[in-house]
Participant: 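Pasting a structure below so you can have a look.
As a basis for the values below, the full set of heavy atoms in this structure was taken, side chains included, without hydrogen atoms, waters or symmetry mates.
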Amino acid sequence: MNFDFSDRVGRVEPSATLAISNLASELEAQGEDVVDLSVGAPDFPTPDNITQAAKDALDAGHTSYTSSNGIPELKEAIAAKLRGNGVDAEADEVIVTPGGKQALFETFQTLVDDGDEVVLLDPAWVSYEAMVKLAGGTLSRVDLAQHDFKLEPALDELGETVSDETKLLVVNSPSNPTGGVFSDAALEGVRDLAVEHDFAVISDEIYERIVYDGFEHTSLGSLDGMEDRTITINGFSKAFSMTGWRLGYLHAPSDLIAQAGKLHSHSVSCAVNFVQHAGVEALSERTNDSVEEMRQAFETRRDMLVDLLAEHDVDVAVPKGAFYMMLPVDDDDQAWCEGAIQDAKVATVPGSAFNAPGYARISYAASEERLREAVERLAEHDYI
């Protein structure tokens, strides 16, 4: 039969990051040695204490359904962690989800109706646009590329973009794909606009513990005036190298939690039981040293990559967080990335996937040896 597909799935394209990763996997299956800098996944093993906590939970029989919004121990640990960030959080204001992406999806589905305006700060992670379109929303965008991916110089443009009709703004700091960390002044500017025009803000803080150069993360929900209009999204994939564990969460005012909880219960039911117990361990002080070791390694790789590119006269906006870098390339960034993987066997993601044409996103969640190899290959084949 010929299926009559819904309009909503026709609004979106497959994830560009996963498409490149799939191509890299295909080439590797054919025996090619591909330096894959396309995926946002730490290359470190999950810390041993987290893995052991999962094993202990399995041995203890934690294999059944949990309460839909999460086990009490993890919700309380998340709320305590948020309070440490200055966010006024209680355990019953948290939903534990199978990955941060699910937390975002539930938030968009709960808040956005057909025609509602959602504002993105470009370059923006690919799935924000897709999730807004799936919810029926419309997009307005503010380009940060002309400001070296900083928000503070673009506050006037943001002020011209938002209005009393704006339903939601998405802020991601540290940022995927740029690695940018927004200043406190920039976040305060967001706060002032949100209060003035009475809109909500999603604060995606998944990379909060991966910051460099002495920067300190500021949670948007900790600012005066943002307590009742911020939805904080976070998860365990990046800081704790738990990408395949699929564990995330959202924190929001209780009325939003009540509505999002309905969607949560009718879709995923709950996050995996024994993984939630591992999450409790991840948030303990026992994991801090492992997180810091990974953060330092990412910072060292960033510095090395910036220096290697400079040797080839390539200047980049130096990222202050996460593990991504935007590499300026040809105007046709899609063709550049396709050529780079076919010729140099280096996988990157076209900037146009993030609404940043003329760039390629590099993930430096790879060893120093592989990063050096990638730069050498790109130079050898005249891609830099």
Participant: So for atom NZ, which belongs to K150, do other residues, nucleotides or ligands contribute more than 12 heavy atoms lying within a distance under 6.0 Å?
Facilitator: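 Atom NZ in K150 is not packed in, count stays at 12 or less.
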Participant: Report the C-alpha separation of D48 and Q52 in whole Å, then their side-chain angles, then the decisive distance to 0.1 Å, and conclude whether the side-chain hydrogen bond (donor to acceptor under 3.5 Å, both in side chains) test is met.
Facilitator: CA-CA 6 Å; D48 290 341; Q52 187 60 51; over 6 Å; no
Participant: When you compare the side chains of E157 and H147, does any donor N or O come within less than 3.5 Å of an acceptor on the partner?
Facilitator: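 Looking only at side-chain atoms, H147 and E157 do form a donor-acceptor pair, the distance falling under 3.5 Å.
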Participant: For E165 and H197, what are the C-alpha separation, side-chain angles and deciding distance, and is it a side chain to side chain contact (heavy atoms under 4.5 Å, CB included)?
Facilitator: CA-CA 8 Å; E165 301 303 313; H197 295 289; over 6 Å; no
Participant: Give a yes or no on whether the ring-centroid distance for F354 and W125 is below 6.0 angstrom.
Facilitator: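 No: the rings miss the under 6.0 Å criterion.
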Participant: For E299, check side chain to side chain donor-acceptor pair (under 3.5 Å) against everything at least two apart and list the hits.
Facilitator: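 For E299, the residues satisfying side chain to side chain donor-acceptor pair (under 3.5 Å) (neighbours in sequence not counted) are R295.
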Participant: Show the nearest heavy-atom pair for residues G100 and R246, with the distance to one decimal.
Facilitator: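 Closest approach of G100 to R246: N-NH2, 4.5 Å.
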Participant: Going by heavy atoms in the side chains, are T97 and V268 under 4.5 Å from each other?
Facilitator: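 No; the side chains remain at least 4.5 Å from each other.
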Participant: Please report the shortest heavy-atom distance between T348 and A360, naming the atom on each side.
Facilitator: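 Closest heavy-atom pair between T348 and A360: OG1-CB, 3.9 Å.
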Participant: Which donor-acceptor pairs under 3.5 Å do the side chains of residues 279-286 make with protein atoms, sequence neighbours left out?
Facilitator:
from : atom 1 : to   : atom 2 : distance (Å)
E281 : OE1    : R286 : NE     : 3.4
E281 : OE1    : R286 : NH2    : 2.8
E281 : OE2    : N49  : ND2    : 2.8
E281 : OE2    : R286 : NE     : 2.8
S284 : OG     : E281 : O      : 2.6
S284 : OG     : R286 : N      : 3.3

Participant: Between the side chains of Q342 and E338, does any donor sit under 3.5 Å from an acceptor?
Facilitator: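 On atom types as modelled, these side chains do not qualify, holding no pair under 3.5 Å.
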Participant: I'd like to check L134 versus V12 (side-chain heavy atoms, cut-off strictly below 4.5 Å). Are they in contact?
Facilitator: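 With C-beta onward as the side chain, the pair touches.
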Participant: Apply side chain to side chain contact (heavy atoms under 4.5 Å, CB included) to the pair S219 and V87, showing each step before the final yes or no.
Facilitator: CA-CA 7 Å; S219 285; V87 178; 3.8 Å; yes
Participant: Who pairs with D156 by side chain to side chain donor-acceptor pair (under 3.5 Å), at least two apart in sequence or on another chain?
Facilitator: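 By the side chain to side chain donor-acceptor pair (under 3.5 Å) rule, D156 matches no residue at all.
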Participant: Sequence neighbours excluded, which residues qualify as side chain to side chain donor-acceptor pair (under 3.5 Å) partners of K133?
Facilitator: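 Residues passing side chain to side chain donor-acceptor pair (under 3.5 Å) with K133: E129.
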Participant: D43 and S367: which non-hydrogen atoms are nearest, and at how many Å?
Facilitator: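 Residues D43 and S367, closest heavy atoms: OD2-N, 3.6 Å.
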Participant: State which residue, out of D114, D116, D113, fulfils the salt bridge (charged side-chain N to carboxylate O under 4.0 Å, His left out) condition with K167.
Facilitator: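 Exactly one option meets the salt bridge (charged side-chain N to carboxylate O under 4.0 Å, His left out) with K167, and it is D116.
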Participant: Give me the atom names and distance for the closest heavy-atom approach of S222 to N85.
Facilitator: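 Looking at all heavy atoms of both residues, the shortest contact is CB-O, 3.5 Å.
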Participant: Report all side-chain donor-acceptor pairs from residues 57-70 shorter than 3.5 Å, counting only partners two or more places apart or in another chain.
Facilitator:
from : atom 1 : to   : atom 2 : distance (Å)
T66  : OG1    : Q276 : NE2    : 3.1
S67  : OG     : G70  : O      : 2.7
S68  : OG     : S269 : O      : 2.7

Participant: Only counting residues at least two apart or in another chain, list the ones meeting ring-ring contact (aromatic ring centres under 6.0 Å, His included) with F108.
Facilitator: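 So F108 forms no ring-ring contact (aromatic ring centres under 6.0 Å, His included) with any residue.
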Participant: Before giving the answer on side chain to side chain contact (heavy atoms under 4.5 Å, CB included), spell out for R83 and D88 the whole-Å C-alpha distance, their side-chain angles and the decisive distance to 0.1 Å.
Facilitator: CA-CA 6 Å; R83 289 194 294 269; D88 184 12; 5.5 Å; no
Participant: Quick one: side chains of residues 308-328, donor-acceptor pairs under 3.5 Å with protein atoms, not counting sequence neighbours, listed by atom name and distance.
Facilitator:
from : atom 1 : to   : atom 2 : distance (Å)
K320 : NZ     : D213 : OD2    : 3.1
Y324 : OH     : Y207 : OH     : 2.5

Participant: Let's go through D331 and W336 carefully: what are the C-alpha distance in whole Å and the side-chain angles of both, what is the deciding distance for side chain to side chain contact (heavy atoms under 4.5 Å, CB included) to 0.1 Å, and is it a yes or a no?
Facilitator: CA-CA 9 Å; D331 290 340; W336 188 96; over 6 Å; no
Participant: Any side-chain heavy atom of D204 sitting closer than 4.5 Å to one from Y128?
Facilitator: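 Contact flag for D204/Y128 side chains = yes.
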Participant: Heavy-atom count check: over 12 atoms from other residues, nucleotides or ligands less than 6.0 Å from Q146 CD?
Facilitator: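 Yes, enclosed.
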Participant: Do the non-hydrogen side-chain atoms of I78 and H251 ever get within less than 4.5 Å of each other?
Facilitator: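 No - every pair of side-chain heavy atoms lies 4.5 Å or more apart.
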Participant: Mark yes or no for whether N172, through its side chain, and P174, through its backbone, hold a donor-acceptor pair below 3.5 Å.
Facilitator: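 Side chain of N172 to backbone of P174, a donor-acceptor pair under 3.5 Å: yes, one is there.
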Participant: Y359 and F149: aromatic ring centres closer than 6.0 Å?
Facilitator: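 So the answer is yes for these two rings.
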Participant: Are side-chain N/O atoms of T178 and S175 paired as donor and acceptor at under 3.5 Å?
Facilitator: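 Yes, a side-chain donor-acceptor pair sits under 3.5 Å.
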Participant: For a quick test of reading the model, state the closest non-hydrogen atom pair linking P47 to T287 and the distance between them.
Facilitator: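 Here P47 and T287 meet closest at CG-CG2, 4.2 Å.
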Participant: In terms of side-chain heavy atoms, does S140 have a donor or acceptor partner in E117 at a distance below 3.5 Å?
Facilitator: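 Checked: S140/E117 side chains pair up, N/O donor to acceptor below 3.5 Å.
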Participant: Once salt bridge (charged side-chain N to carboxylate O under 4.0 Å, His left out) is applied, do any residues pair with R370, and if so which ones, sequence neighbours excluded?
Facilitator: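 By the salt bridge (charged side-chain N to carboxylate O under 4.0 Å, His left out) rule, R370 matches D33.
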Participant: Taking atom types as modelled, is there a side-chain donor on N288 or R209 under 3.5 Å from an acceptor on the other?
Facilitator: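 Checked: N288/R209 side chains pair up, N/O donor to acceptor below 3.5 Å.
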Participant: Are V94 and L250 side-chain neighbours, meaning at least one heavy-atom pair lies under 4.5 Å?
Facilitator: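 A side-chain contact is absent here, since even the closest heavy-atom pair is not under 4.5 Å.
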Participant: Hydrophobic cluster mates of V211, side-chain heavy atoms under 4.5 angstrom, ILVMFWY only, any path?
Facilitator: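 Same cluster as V211: V181, F215.
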Participant: Would you please name every residue forming a ring-ring contact (aromatic ring centres under 6.0 Å, His included) with Y364, sequence neighbours left out?
Facilitator: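 Y364: no ring-ring contact (aromatic ring centres under 6.0 Å, His included) contacts found.
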Participant: Hey, could you give me the OG1/CE distance between T46 and M242, rounded to the nearest 0.5 Å?
Facilitator: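 It comes to 6.0 Å.
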Participant: State whether a side-chain donor-acceptor pair under 3.5 Å links S237 with W245.
Facilitator: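 Checked: S237/W245 side chains show no N/O donor-acceptor pair below 3.5 Å.
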Participant: Taking ILVMFWY side chains as joined if any heavy atoms are under 4.5 angstrom apart, and letting links pass through other members, which residues group with F182?
Facilitator: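 In the cluster with F182 are V119, L121, V142, L144, L151, L155, L158, V162, L169, V171, L187, V190, L193, F199, V201, L220, L223, M226.
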Participant: Suppose we screen for side chain to side chain donor-acceptor pair (under 3.5 Å). Which residues come up paired with Q259, at least two apart in sequence or across chains?
Facilitator: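 Q259: side chain to side chain donor-acceptor pair (under 3.5 Å) contacts with K262.
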Participant: Would you indicate whether the side-chain heavy atoms of I257 and D92 approach each other to under 4.5 Å?
Facilitator: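 Side chain of D92 against side chain of I257, heavy atoms only: no contact under 4.5 Å found.
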Participant: Can you tell if the side chain of D164 reaches within under 4.5 Å of the side chain of E196, non-hydrogen atoms only?
Facilitator: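 They are not in contact (no side-chain heavy atoms under 4.5 Å apart), so the answer is no.
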Participant: Is there a side-chain contact between E93 and P253, using heavy atoms and a 4.5 Å cut-off?
Facilitator: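 They are not in contact (no side-chain heavy atoms under 4.5 Å apart), so the answer is no.
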